[in-house]
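Some notes on the structure that comes next.
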Amino acid sequence: MSESVSHTGKIVRITPEVTTVSILQHSACGECHAAGLCGMADMAEKTVDVPTDPYAFHSVGDQVEVLLKASMGMKAVWLCYAIPLVVLLGTVLLLTALHVPEVPAGLTGIAAIGLYYLLLYLFRNKLKNEYIFTIKG
């Protein structure tokens, strides 16, 4: 796999469709170059679902390395931080240019971000299918 972010975890459940891996925070996350992108640095424990590989011989309790393409982390940053900032600034600047007072323009900008996050929530299943973790080995 090309450039990727990896974390060590323990398999907690295996089904024919999904293998669930529990990832514990390690102190090395603070020093990782991608800690700010993946969100693992500020979580004590996280579970991720990985599509089960029928040819891999893993069992519950095995230590495994879970990988995610680094480009998917950057896409998450764009979806969660960069685009909402553009929505907020664009809305406020447009309304200010149309001579709308600052308070209604600011509140409308916040409402626009709320609408954006609502759309992300509604399309969560589609987005979930794009962020696919893999088990190394």
Side-chain angles (χ1 to χ4, degrees):
M1 183 175 277
S2 63
E3 193 174 334
S4 61
V5 178
S6 68
H7 292 282
T8 303
K10 183 166 77 170
I11 296 177
V12 292
R13 186 178 56 172
I14 299 175
T15 66
E17 297 83 24
V18 174
T19 299
T20 304
V21 179
S22 175
I23 300 172
L24 297 176
Q25 174 183 341
H26 297 285
S27 60
C29 285
E31 298 174 15
C32 176
H33 70 282
L37 300 177
C38 73
M40 292 303 297
D42 53 341
M43 292 186 184
E45 182 177 358
K46 180 177 181 173
T47 58
V48 294
D49 291 332
V50 181
T52 301
D53 180 2
Y55 301 108
F57 298 103
H58 297 292
S59 59
V60 174
D62 286 353
Q63 292 280 26
V64 293
E65 190 172 354
V66 180
L67 304 172
L68 179 69
K69 287 183 181 178
S71 62
M72 291 289 102
M74 287 305 297
K75 183 176 180 180
V77 169
W78 275 97
L79 288 172
C80 294
Y81 301 111
I83 293 174
L85 177 65
V86 171
V87 169
L88 175 67
L89 289 176
T91 303
V92 171
L93 292 175
L94 175 68
L95 292 175
T96 303
L98 295 174
H99 303 292
V100 174
E102 290 178 359
V103 173
L107 292 174
T108 305
I110 293 171
I113 291 176
L115 180 63
Y116 173 77
Y117 280 118
L118 175 65
L119 287 172
L120 276 184
Y121 178 76
L122 293 175
F123 288 103
R124 69 187 179 278
N125 290 331
K126 184 178 184 309
L127 291 170
K128 184 179 179 180
N129 292 334
E130 292 181 20
Y131 289 88
I132 299 174
F133 290 88
T134 57
I135 295 177
K136 184 178 180 182

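All values below come from the heavy atoms of this structure, side chains included, with hydrogens, waters and symmetry mates left out. Keep in mind that this is a model prediction, so the values were computed, not measured.
- Remark: side-chain polar atoms of Thr52 are paired, donor with acceptor, to backbone N or O of Thr15 under 3.5 angstrom.
- The CE atom of Met72 lies 9.5 Å from the CG atom of Leu79; values are rounded to the nearest 0.5 Å.
- Here the closest non-hydrogen pair linking Tyr117 and Pro84 is OH-CG, 3.3 Å.
- Between the side chains of Gln63 and Thr8, no donor-acceptor pair of N or O atoms lies under 3.5 Å.
- Hydrophobic clustering (side-chain heavy atoms under 4.5 Å, transitive across Ile, Leu, Val, Met, Phe, Trp, Tyr) groups Val92 together with Ile83.
- Within the 4.5 Å cutoff, no side-chain heavy atoms of Ile135 are placed close to those of Asp53.
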Run the side-chain donor-acceptor check on residues 102-111: report pairs under 3.5 Å with partners two or more places apart or on a different chain.
{"from": "Thr108", "atom 1": "OG1", "to": "Pro104", "atom 2": "O", "distance (Å)": "2.7"}

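- No chain of hydrophobic side-chain contacts below 4.5 Å, direct or via other Ile, Leu, Val, Met, Phe, Trp or Tyr residues, connects Leu127 to Leu115.
- Evaluated for a side-chain contact (heavy atoms from CB on, under 4.5 Å) with Thr91, the options Leu94, Leu95, Leu88 yield exactly one hit, Leu95.
- Smallest separation of non-hydrogen atoms from Ile11 and His58: CD1-CB, 3.4 Å.
- Residue pairs meeting the salt bridge (Lys or Arg N to Asp or Glu O under 4.0 Å) criterion with at least one partner in residues 86-101, sequence neighbours excluded, are absent.
- Note on Val60: it clusters hydrophobically with Val48, by side-chain heavy-atom contacts below 4.5 Å among ILVMFWY residues.
- For the atom pair CG (Leu68) and OG1 (Thr134), the distance works out to 8.0 Å, reported to the nearest 0.5 Å.
- In this structure, Ala112 and Val87 approach most closely via the heavy-atom pair CB-CG1, 3.7 Å.
- Applying the salt bridge (Lys or Arg N to Asp or Glu O under 4.0 Å) criterion to Lys10, with sequence neighbours excluded, gives no partner residue.
- Interatomic distance, NE2 of His7 versus CZ of Phe133, reported as 8.0 Å (0.5 Å rounding).
- Trp78 CH2 to Leu85 CG: the interatomic distance, rounded to the nearest 0.5 Å, is 9.5 Å.
- We find the CD-CD1 distance between Glu65 and Ile23 to be 10.5 Å, quoted to the nearest 0.5 Å.
- In this structure, Tyr116 contributes its side chain and Cys80 its backbone to no donor-acceptor pair below 3.5 Å.
- Contact annotation: the side chain of Val64 never approaches that of Val50 to less than 4.5 Å [non-hydrogen atoms, C-beta and beyond].
- Interatomic distance, CG of Asp62 versus OG1 of Thr19, reported as 10.5 Å (0.5 Å rounding).
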